[in-house]
Q: 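For reference, the structure I am asking about is given below.
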Number of protein chains: 2
Amino acid sequence: MKKSISKPARERLIQLVRLLEQVQSTETLAVITSAEIEKRTGWTNATVRRDISLLGINCASSAGYSIAALIEAIKAVLNISRSEKKCCIVGLGRLGSALLEFEGFAHSSFKIAAGFDSSVNRTEILSAPFPLYPTSRMEAVIAQEGIEYAILAVPERSAQEAAERLCKCGIKGIVNYTSVVLRVNDGTMVENISVIDALQKLSSAG
Amino acid sequence: MKKSISKPARERLIQLVRLLEQVQSTETLAVITSAEIEKRTGWTNATVRRDISLLGINCASSAGYSIAALIEAIKAVLNISRSEKKCCIVGLGRLGSALLEFEGFAHSSFKIAAGFDSSVNRTEILSAPFPLYPTSRMEAVIAQEGIEYAILAVPERSAQEAAERLCKCGIKGIVNYTSVVLRVNDGTMVENISVIDALQKLSSAG
DNA sequence: TTTTGTGAACCAATTCACAGCA
DNA sequence: TGCTGTGAATTGGTTCACAAAA
């Protein structure tokens, strides 16, 4: 863990751990080679080996890497699922409330601890496995619950303002579902996952 | 100008055009400097200037870049909004159907031309401004409509199979809302926008 | 054998630093 | 003066190629 892991390598490792878990749950393989990972991901085998070597562990034989050991190593180094991390959803329109049933959360180390919406009516009508609050209580609830990450799913026109409030609360990162380019403090990171953004990336690569 | 634009540069330019449009619609600025763009995005002014110079146009004065000209230039070079591009939504659960009301589409050059779901019941009950079909008709409709991109919002267990069918149809790109690591043909690109993926990127960057 | 792990080489991207321009 | 545009330098990432290990 001496060498710090670059962003592209980290992102590949995040995907890799998920790929390995999928393999583990649908196939009987216990071991996988870098060549096989290349087939399934498109990354070159050299890149795969380099990424894995950055973990600073040694879980390979001449048949390849032990899948179980590799999963553990990546999780440990990237502190994925090291401890439960609390998130909140900001904006409970169709998109925000669709997340209430997103399967992926079950197997992750992220836990949704609160939902916020400016419409009190909506926070009262919706039912969720976690408490819903009016946006006015955002700062208080985030501090009190120790929420670290926010999922931003408000209408475009409210996105920047919401982001600023989240920054002031000391939120570590925002997952941005809107296509607004957010201006945030240095202490806060943003991951953009707007569908328009993604489509434009695809079509500009064409 | 024959220098091809790198992927990171393209992705910044896509964000930049959106930022500029936002500035244009909320402020009265007609001109913007690379230093100002740095403030709003966090990219260094050198990177901003380099990216813009890759466009091979010249829309700057000593006061900065003309916002309107810059928007046009980026759109032209990245063929954003050059022509209307057809997409489909595959999987009309809560997440997929939430996209029906996503605002961003209105101002984009992407048009949703079809929705697919394995539940015939669902395709009959939902109402959308475009036709909905059972998944069995996917291949036929995609070919007939000339659909180029797909938004994948099916349950995790069906994701890989759906992706393979989309590849066979010759779809150019898939926007993947699931957290499954998709294996696709060389001719098909994937953009992953799973919320879990995004949260893990944020927390591993810590 | 086969496959990893890794220096060294290569290629890509960013940043520096400054000439040139309005 | 205050900006852009861009060669040159630098930093970062990927790939090569091969020794070492199983």
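Proteins get letters first, then strands, A, B, ... in listed order; numbering begins at 1 in each.
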Q: Just by distance, do the side chain of A/K111 and the backbone of A/E84 share a donor-acceptor pair under 3.5 Å?
A: no
Q: With a 4.0 Å cutoff (strictly under), does any side-chain N or O of B/N58 reach OP1 or OP2 of D/dT4?
A: no
Q: Strictly below 4.0 Å: does B/Y65 bring a side-chain N or O up to OP1 or OP2 of D/dG5?
A: yes
Q: Without swapping roles, check the side chain of A/Q160 against the backbone of A/R183 for a donor-acceptor pair under 3.5 Å.
A: yes
Q: When the distance from CD of A/E36 to P of C/dT2 is rounded to whole Å, what number comes out?
A: 16 Å
Q: How many Å lie between CG on B/L55 and C1' on D/dT6, as a whole number?
A: 15 Å
Q: Going by side-chain contact (heavy atoms from CB on, under 4.5 Å), B/V181 matches just one of A/L20, A/L19, A/I14, A/V23. Which one?
A: A/L19
Q: Expressed as a whole number of angstroms, how long is the span from A/I52:CD1 to C/dG5:P?
A: 7 Å
Q: Given atom CD of B/E38 and atom C1' of D/dG2, what is their separation to the nearest angstrom?
A: 15 Å
Q: More than 12 heavy atoms of other residues, nucleotides or ligands under 6.0 Å from CD of A/E161: yes or no?
A: no
Q: Respond yes when some side-chain nitrogen or oxygen of B/T33 is under 4.0 Å from OP1 or OP2 of D/dC3, and no when none is.
A: no
Q: Base contacts versus sugar-phosphate-only contacts with protein, heavy atoms under 4.0 Å: please encode nucleotides 10-22 of chain D as B, S and - from 5' to 3'.
A: ---SSB-B----B
Q: Rounded to whole angstroms, how far apart are CZ on B/R10 and P on C/dA13?
A: 10 Å
Q: Could you check whether B/E11 and B/Q15, counting side-chain N and O atoms only, form a donor-acceptor pair closer than 3.5 Å?
A: no
Q: Please answer whether the main-chain N or O of B/E38 pairs with a side-chain N or O of B/N45 as donor and acceptor at a distance below 3.5 Å.
A: no
